[in-house]
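Naming: A, B, ... by sequence-line order, numbering from 1 per chain.
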Amino acid sequence: MNIRQNWIKRTIASGSKVRIKRRFIAYCLGLMSVAGVFCTTAQAEYGDIVLNNYSDQAQIRPVIFPHWFHRIRYRCKTCHGDLGFKIKAGGSEINMLKIINGEYCGACHNGKIAWAMENCDLCHSAKPGTPTQAHKSSKQSLISPQPVEKK
Amino acid sequence: MKTTDHIRVLAVSALICVASGSAVFAAENPNRFNRLFTPPEKAVQSIKDDGIHDPQGPAVGVLQEPKQAFAPLEKSISGNYVDWTASLRKQQISPLFDYQDPAKKPQPMDLNIVMEVKGSTPDVVFPHNIHTELLDCSVCHPQVFVPQKGGNQISMAEIMLGQKCGICHGSVAFPVSDCKACHSSKPPAAGGKKAAKKAADKAPKK
């Protein structure tokens with residue numbers, strides 16, 4: 001206890017200016033190190049699909065489809081067999097009209113099975129300008145994302 | 001400011017400095033082992049800073065965090081770092097086979113296809129079982145794979161560019177870095193594959 005108190009006395013007894021300086025330096029170091037941890041390259045989850053066929057033109061955030069969330073609840077076959085989703089990022093050319101008609105996402109995202117389409121921002125949640133991609137796919141790491149040809 | 005407060009400030013910032021200083025060093029070391037690999041602790045990011053979600057968007061904080069969802073599931077070495085097959089087998093997840101009828105169950109087909117490969121790489125064993133648990137026949141046959149033994153020439157280059165197996169393996173299902181998941185046949189006896197095959201051919205057939 002005595003040693004600790006002595007150490008404190010020594011560190012803070014040398015005048016308020018030094019104390020403020022030390023505190024400032026400590027704070028700065030702390031901030032820098034925290035920033036260093038958080039500024040490493042960020043990556044989303046393997047299999048996250050970004051869909052930006054029409055979003056940027058419509059001035060809304062592109063869609064992110066998290067495969068991981070859906071595969072916990074459904075087998076691949078429900079979407080890629082029954083609902084007719086193409087196994088290609090952006091290949092199904094989904095638009096809101098199709099969803100309103102109960103096709104593709106609209107088969108479940110209708111307010112009965114999953115949230116309804118008025119929750120625009122939950123799907124349209126990507127940074128504006130993010131290209132259509134299968135995030136972290138081996139193809140993406142070999143070839144940069146290509147725009148999907150529209151018919 | 002009281003002395004105790006001062007101590008607290010110093011101690012906390014010193015701790016942060018030491019803890020994250022080492023992390024910064026680890027990230028900056030140019031000779032780090034497997035420097036192109038994503039270490040598992042960094043693989044699962046929070047949605048806020050994952051690089052594709054808009055941090056200003058209202059979805060942040062509402063959508064489920066992958067870290068939370070993956071916590072009870074079996075771990076693996078690649079992809080989502082989740083062993084989806086083991087998680088399904090152990091019933092940690094129970095994904096529906098039909099989105100309208102929860103009672104509908106898949107009818108898995110037990111048929112392993114062994115595909116011989118070049119060199120000393122173990123042969124590929126393709127299990128129909130887990131694939132039919134998750135998929136319909138029509139997803140792969142006949143557009144992607146001709147339903148005929150030896151009818152499909154597959155190369156790793158094709159797979160990595162998103163063709164054949166690579167339609168799923170490499171974008172959603174476990175990626176090609178998990179070699180042994182597919183190249184899983186048992187190594188042949190001494191003398192390599194050719195010797196083993198010759199021995200099998202010479203063996204008298206009853």
Visitor: Going from CG on B:L88 to CZ on A:R71, what distance comes out if it is rounded to the nearest 0.5 angstrom?
Guide: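 So the gap between those two atoms works out to 9.5 Å.
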
Visitor: Would you find a donor on one side and an acceptor on the other, under 3.5 Å apart, between the side chain of A:K77 and the backbone of B:F97?
Guide: yes

Visitor: To the nearest 0.5 Å, how far apart are CD in B:Q56 and CZ in A:R61?
Guide: 8.0 Å

Visitor: Counting only non-hydrogen atoms closer than 4.5 Å, does B:V172 touch chain A with its backbone (N, CA, C, O), its side chain (CB onward), both, or neither?
Guide: both

Visitor: Where do B:P58 and A:D121 come nearest, in terms of heavy atoms and distance?
Guide: CG-OD2, 3.3 Å

Visitor: Distance-only, no hydrogens or angles: does the B:S171 side chain make a donor-acceptor pair with backbone N or O of A:S137 under 3.5 Å?
Guide: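 Looks like no, no N/O pair under 3.5 Å.
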
Visitor: Heavy-atom pairs under 4.5 Å with chain B: which of A:D48, A:L83, A:I49 has the most?
Guide: A:L83

Visitor: For a 4.5 angstrom cut-off between non-hydrogen side-chain atoms, does A:W68 reach B:W84?
Guide: yes

Visitor: Nearest 0.5 angstrom please: B:H169 NE2 to A:S138 OG, how far?
Guide: 11.0 Å

Visitor: Say you draw a straight line from CG of B:L96 to CD1 of A:I113; how long is it, rounded to the nearest 0.5 Å?
Guide: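 Answer for the CG-CD1 pair, B:L96 versus A:I113, is 9.0 Å.
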
Visitor: Picking from A:N119, A:I64, A:D82, which has the most non-hydrogen pairs under 4.5 angstrom with chain B?
Guide: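 The option with the most such pairs is A:I64.
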
Visitor: Anything in residues 101-111 of chain A with a heavy-atom distance to chain B below 4.5 Å? Please list those residues in order.
Guide: A:A107, A:C108

Visitor: Non-hydrogen atoms of chain A under 4.5 Å away: do they reach the side chain of B:S94, the backbone, both or neither?
Guide: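 For B:S94, the contact with chain A is made by the backbone alone.
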
Visitor: From A:S125 OG over to B:H53 NE2, what is the distance, rounded to the nearest 0.5 angstrom?
Guide: 3.5 Å

Visitor: Could you tell me which portion of B:Q143 (side chain, backbone, both or neither) has an atom closer than 4.5 angstrom to a non-hydrogen atom of chain A?
Guide: neither

Visitor: How many angstroms lie between CD in A:E45 and CD1 in B:I47, if you round to the nearest 0.5 Å?
Guide: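 A:E45 CD to B:I47 CD1: 9.5 Å, rounded to 0.5 Å.
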
Visitor: Mark yes or no for whether A:K136, through its side chain, and B:G79, through its backbone, hold a donor-acceptor pair below 3.5 Å.
Guide: no

Visitor: Walk me through whether A:F69 and B:L63 qualify under side-chain contact (heavy atoms from CB on, under 4.5 Å).
Guide: CA-CA 10 Å; A:F69 183 91; B:L63 296 175; over 6 Å; no

Visitor: Using non-hydrogen atoms only, which part of B:Q92 is less than 4.5 Å away from chain A: side chain, backbone, both, or neither?
Guide: neither

